[in-house]
Structure formats: C-alpha cells, structure tokens
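The next block holds one structure in the form of structure tokens; read it before the comments.
So that the names make sense, note that chain A is the first sequence line, chain B the second, and so on, each numbered from 1. From a predicted model like this one, the values you see are computed outputs, not experimental measurements. Computed from heavy atoms alone, side chains included, the values below leave out hydrogens, waters and symmetry copies.
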Amino acid sequence: MFEKGWTSRAFPWASIESIDWWDGKEVELRGWLANRRSSGKIVFLIIRDGTGFIQATVALNETFSREDLKFLERLPFESALLVRGRVKREPRAPFCGYELEVQGVRVLSIPQEEYPIQKKEHSVEFLMEHRHLWLRSRKQNAILRVRNAVIMGIHEFLQKEGFILIDPPILTPAACEGTTTLFELDYFDLGKAYLSQSGQLYMEAACMAFGRVYCLAPAFRAEKSKTRRHLTEFWMVEPEAAFFTFEDNVKLQEQLVSFIVQKVLAECSRELEVLERDIKPLERVVPPFPRISYSEAIEILQRKGFSIQWGDDLGGDEETAISEEFDRPVFIHHYPKAIKAFYMQPDPENPDLVLNDDLIAPEGYGEIIGGSERIYDLDLLEERLREHNLPREAFEWYLDLRRFGTCPHSGFGLGIERTVAWICGAHHIRETIPFPRQIYRIYP
RNA sequence: UCCUCGGUAGCUCAAUGGUAGAGCGUCCGGCUGUUAACCGGAUGGUUGCAGGUUCGAGUCCUGCCCGGGGAGCCA
C-alpha cells in the first residue's frame, strides 16, 4: 500500500467542516478521494470526509518524487486516504477557501473497479440503482444534513414544550384509517398483521397517561402513488396532547414549523448554499400563518377557474393554487365531515364540518401537516365507527379511552420528507430519505 | 390501477427501413495552480426480452419485462 512522507508522530484529526479553525497548523484528514486534477508537477486531490470537501495539493519536492505524483494522479476515485499536511488559506481553492499542503499520504484502500458515479448528469434510474453510493455526493449529503437538523429541531421544540417521546408499535392489528392501503403480513397463529400507517391512535392512549406526547416513527402506505410527493415508507412526527383544543393544536403546529425552519436557516447555511436554495421564502416562515376555511378555499379555487364543488377533496394542483395566494405556509381548516377520518371532532357550530386543519407548504410542496381535535364522546365515536364500517372489536381498546376519563384532545402528523423537500427545495421527495421505498423500487 | 414518455458503449445521448456514432469515463503520453482542468493517442456494442413483417429492422407491428413523469389517494 502506498505510503509517503508519513511519520509516526500523531497529528490532530481535523474535520473539513471546521478546517478554518486549523489555519496554519499541521493536521491529518481521513477521507476519500472525490476528484483529482494534475498539471505535471502538481497534483490536486479533492478530499471528502463526510463533513465537507477540500482541495489538497501535492507538489514535486524532496518528499514526493515524479513517480509518486504519477501514482497519485492515477489514484482511483473513492480511494480511502489518510492525508497529513498544513492547512492554508487559499483564495484559488474551491469549496471552502482553504487547502491542504500535503506532506504525507497513506492509501488505505484502492477500488479495483471504476467508481460508477461520475462528475456529470446521470439518469434518475441509474442514481437510484446506486443510492448506496449516491449518498456520498455533495447535494445528497447536504439534504440529509438538513433532514438531521429538522429531526433534531422537532425533538428540541417538543421537549421544550413538555412533550414526552412515546414509541408506537410498527406491527398493528388493524387499520387506523382506510384498509386498502395497508401492507399485510402473517402473524403466527393470530392471523394478519399490518405495518403501521400512523401512530396516532396509540398516541391518543399515551396522552391520557402523560398529558403531552409525540412519536417520530415510520409510516407505511401501500398506496400505488407515483408522484414526487409519495413514498411507501415515510417518517412522521405525531404530537398528541390532552386538553388541547383545535386552536391550541393549530398554534402548536405553526410554532413547530417556524422553529424547524429557523433552526435550519441558522445551522445549515452551507447546506442550503450547496443546494442553491433561495432562503428568502424561508425567512418569512414566522407565526402567524394565514388561515382559511375549507369553504373559503373552494371559493378561491372557483375564482381561479377550477371546476371544484363544495364537498370535493383538494388534490395536489388545488393545494398548489391555494399556496400561491400566500407568502408562507397556509392552514386550511374545517373540512366537510364526509371526506375526513372517523375520529375527527365535529364543529359545534356546524355538525357537517370537523375541527381539523391541513397545513399547505409554499412553492407547491403540498400538504405537510394533517391535524384535528379528536372525538371524545363515546356514543359519537361508536356511531362514526359504524358509519365507516370499521371492525369494532379491533377498536375496543380505543373506545376504552372514552370510557375512562375522556377529555378533549388534539394532535397532528407532520411528514418529515415533505418538510425536508420543501426546506431544501428538492425536486423529489425520494432524495430526502436515505433509502427511499417506492412502488417500483425496493433496492438497494 | 389508469394516462404518458422512454430502454442503443461503463455513463449521457445521436443514427430517413440500407456499413451502429459522438461526448464523457477508462488506459497511455504531455503540462507547476487546476476548478466537471486542458492537449494528443488508444479502448469501447447480444441496440431490454420474445416473436412477426421485409431482400434488409436500433428504426415498422404484437406481446412481455424494466424504468421516468403525472392522475386518483394521501403526509
């Protein structure tokens, strides 16, 4: 294995993201060869270490011979390297304004085949087939770092608001909403089980034990959806709070979303720059968000020429048209009871409506939140189960929640991937999750 | 499930029914500041699969497989 100019002295292991801190000092970088260029007597190695990219320069000198440079300029992409050198401020250097003057290189591994992903455009199919390698590229790294900040922001905000993390089951005995969109599997001698499509019902149980709870878990939907907003496996945060009214619930949603966006702006400026995200629309994301009722939404859509009638559900195009009317996320509330889930509390002023809200992200990213106040009256909930032809036995435990100390409570679900896609300005939701699961893709 | 577009070299794409090509990558050589470096040379094919029409099919027809975009549904 190639080793040149290495000494047994220990050098500090520096990360590229904080390389400015090491200006003028000798450090060791541990990473991979992302690109290289040569010019006869100088070789430029582009090193990535997971935290960033930096240019390292190897010059012909007493340490590196002509043959050494020849070797380095032929080193295959994605070779694993330890590189020692001096950090130097350098305006000509790409990425971060610093470069590493290399004094020693140790090559830990050399790919025996050509690295498939090149510095050029690739088809979606090819990139998805190589998702395990695509993760190494700069934009994918940036998107998943934003995802990390979003998830950490959710925990930070909800914990601060007194919410307790409660993990829901993934294997469940019955549907939470419709039964047509469930992944089904055999469960020993107990018949069929299903992958969870929401943790909500379990959060309702938990909020009666802890007051304020939330889960952050995967949800599975066997919908045969093939759009840029759909995955069969996605992540959702679902807060649920006892004694929260519709109004409390909506306020919590706009505070949470604002907090997340402002956190990303504060902590991920490099990532947003790599993604070429225009941050002006994000800077406007502060409370209060505009609110319109479902009926007002229908009026707006009819004025804009949509052939939609009161009672119809809103599709993707309709959501986009509504969001265009506002400069920040917009709530649409009080939908007709008939097109919403069985557990939503009726509006006391109009029993044909429910106390629910959807939050529509700006710039055409669609619905990112669905929330509601929940039915807490036993008789009414039983009636709704019958209307929706749901198997009562499977919901006995859920009905128990209305038999013992029932009270008003509310909650919502926020889709992690749609939120990340919106904040990043990503073309497609599949880039916002490390290994997307889609109707025609389960590999890698 | 439906609508729509596509599948040709490792990758991205050309090719009127008539000898399958280019750029990039890779390999070899050159270059002391490159920025997806550049310059010269070399390398590269069961045209997704099966059948059919035709003197002749990457091209036309039928079926199948795989994928992209969208709809419905949803976060």
Which pairs pass salt bridge (Lys or Arg N to Asp or Glu O under 4.0 Å) with one or both residues in residues 421-444 of chain A, sequence neighbours excluded? A:E129-A:R441
Return each pair, listed once, that meets salt bridge (Lys or Arg N to Asp or Glu O under 4.0 Å) where at least one residue sits in residues 33-43 of chain A; pairs must be two or more places apart or across chains. none
Please list each protein N or O that sits under 3.5 Å from an N or O in nucleotides 1-3 of chain B, with the distance.
{"from": "B:rU1", "atom 1": "OP1", "to": "A:K224", "atom 2": "NZ", "distance (Å)": "3.2"}
{"from": "B:rU1", "atom 1": "O4", "to": "A:K224", "atom 2": "O", "distance (Å)": "3.0"}

Output the single nucleotide from [options] whose closest atom is nearest the side chain of [X].
{"X": "A:E90", "options": "B:rG68, B:rG72, B:rG33", "value": "B:rG33"}
{"X": "A:E125", "options": "B:rG67, B:rC74, B:rC31", "value": "B:rG67"}
{"X": "A:I42", "options": "B:rA75, B:rG68, B:rU32", "value": "B:rU32"}

In residues 363-372 of chain A, what residues come within less than 4.0 Å of RNA chain B, judged by heavy atoms? A:E367, A:I368, A:I369
Numerically ordered, the residues 228-235 of chain A set in heavy-atom contact under 4.0 Å with RNA chain B is A:R228, A:R229, A:H230, A:L231, A:F234
What does the list of N/O pairs under 3.5 Å between the protein and nucleotides 27-30 of chain B look like, with a distance for each?
{"from": "B:rG29", "atom 1": "OP2", "to": "A:R74", "atom 2": "NH2", "distance (Å)": "2.1"}
{"from": "B:rG30", "atom 1": "OP2", "to": "A:K70", "atom 2": "NZ", "distance (Å)": "3.4"}

In residues 319-326 of chain A, what donor-acceptor pairs under 3.5 Å come from side-chain atoms, sequence neighbours left out?
{"from": "A:E319", "atom 1": "OE1", "to": "A:E367", "atom 2": "N", "distance (Å)": "3.3"}
{"from": "A:T320", "atom 1": "OG1", "to": "A:G316", "atom 2": "O", "distance (Å)": "3.0"}
{"from": "A:S323", "atom 1": "OG", "to": "A:T320", "atom 2": "O", "distance (Å)": "2.9"}
{"from": "A:E324", "atom 1": "OE1", "to": "A:K304", "atom 2": "NZ", "distance (Å)": "3.4"}
{"from": "A:E325", "atom 1": "OE2", "to": "A:K304", "atom 2": "NZ", "distance (Å)": "2.9"}

Check: protein-nucleotides 22-25 of chain B nitrogen or oxygen pairs below 3.5 Å:
{"from": "B:rG23", "atom 1": "N2", "to": "A:K120", "atom 2": "NZ", "distance (Å)": "2.6"}
{"from": "B:rG25", "atom 1": "O2'", "to": "A:E114", "atom 2": "OE2", "distance (Å)": "2.3"}

Applying side-chain hydrogen bond (donor to acceptor under 3.5 Å, both in side chains) as the test, list every pair that has at least one member in residues 142-156 of chain A; sequence neighbours left out. A:N141-A:R145, A:R147-A:E417, A:H155-A:Y214, A:E156-A:K263
Dot-bracket for RNA chain B, please, read 5' to 3', with Watson-Crick or G-U wobble pairs under 3.5 Å on both distances, ( ) within the strand, [ ] crossing, | other strand, . unpaired. (((((((..((((....[..)))).(((((.......))))).....(((((..]....))))))))))))....
Listed partners of A:A14 passing side-chain contact (heavy atoms from CB on, under 4.5 Å), at least two apart: A:I19, A:W22, A:V27, A:L29
Euclidean distance for P, B:rA22 against B:rC28 (whole angstrom): 22 Å
Is it the case that the base of B:rC31 and the side chain of A:R37 share a donor-acceptor contact (distance under 3.5 Å, atom types as modelled)? no
Tabulated below should be each protein N or O lying under 3.5 Å from an N or O of nucleotides 41-48 of chain B; please produce it.
none

